Amino acid sequence: MIKGAIFLDRDGTLNPDPGYINSPDIFHLYTDTIIALKLLSKTKLPLILVTNQSGVGRGLIKTRSLEKIHDKLDNLLLKHGVELADKYYCPHLPDDFCKCRKPEVGMFNRSAKDHKINLKESYLIGDSKADIIAASRIGAKKILVRTGNGSMVESEMNKIGLIPDFIGENITDCAKYVVQFESEK
């Protein structure tokens, strides 16, 4: 069994989130995403994308377009020697009450089964309340990035008493935290 994984939210964490990205032409990474993912790769933990994509369920994003966006992501990363071990997405709307849409844990349980991951030895980096709640539910380290919705979510987390294990200004800050934490194990 792999000791853990690094789960990564997409929109607002790896890339700016203008809302319902439906074409690879409008998908762009933050300037430090490649640097951060290269740093995370040094941990030898698998990098796994977990993303809510309700735009698919709403008919705003075609499944084939989402695949092309993720192909672009893969190609951008591979140019720099970074590879995602897998990608999981939930196409459902919040009102569907599915078991895969974060903060539910279906995507994480599936990835744990697919890749023999110990979720309690894992990390989740994201910019939303759903990310932090999901991380709490699976027992992973809760890492909030202030990009995307992160700054707004930070105060919400404090109000409900769900404090992230780490809060970073950007994905690179979060990567440095993970690398440091792993090196101290």
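Predicted model, so just to flag it, every value in this text is computed and none were measured.
Take Glu182 and apply the salt bridge (Lys or Arg N to Asp or Glu O under 4.0 Å) test, not counting sequence neighbours, and it matches Lys3, Lys185. With sequence neighbours excluded, the residues satisfying ring-ring contact (aromatic ring centres under 6.0 Å, His included) with Tyr177 are Phe166, Phe181.
No side-chain donor-acceptor contact under 3.5 Å links Ser111 and Asp114. Checking Asn15 against Asp11 by side-chain atom types alone, a donor-acceptor pair falls below 3.5 Å.
A heavy-atom distance below 4.5 Å is found between the side chains of Ile69 and Ile21.
Between Arg64 and Glu67 there is a salt bridge, with a side-chain nitrogen of the basic residue lying less than 4.0 Å from a carboxylate oxygen of the acidic one. A salt bridge links Lys87 with Asp74: the closest approach of a Lys/Arg side-chain nitrogen to an acidic carboxylate oxygen falls below 4.0 angstrom. We find that Arg101 and Asp96 are not joined by a salt bridge, their nearest charged nitrogen and carboxylate oxygen being 4.0 Å or further apart. For Asp9 and Lys102, the salt-bridge test passes: some basic side-chain N is under 4.0 Å from an acidic carboxylate O.
Residues Val153 and Leu162 are members of one and the same hydrophobic cluster, defined by side-chain heavy-atom contacts under 4.5 angstrom among Ile, Leu, Val, Met, Phe, Trp and Tyr.
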What verdict does the ring-ring contact (aromatic ring centres under 6.0 Å, His included) test give for Phe7 and Tyr123, after you've listed the backbone C-alpha separation in whole Å, the side-chain angles of each residue and the deciding distance to 0.1 Å? CA-CA 6 Å; Phe7 294 103; Tyr123 303 84; 9.8 Å; no
With a cut-off of 3.5 Å and sequence neighbours excluded, list every side-chain donor-acceptor pair involving residues 42-51.
| from | atom 1 | to | atom 2 | distance (Å) |
| --- | --- | --- | --- | --- |
| Thr43 | OG1 | Leu40 | O | 2.7 |
| Thr43 | OG1 | Leu45 | N | 3.2 |
| Thr51 | OG1 | Gln53 | NE2 | 2.7 |

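Nearest heavy atoms, Ala175 versus Leu39: CB-CD2, 3.9 Å.
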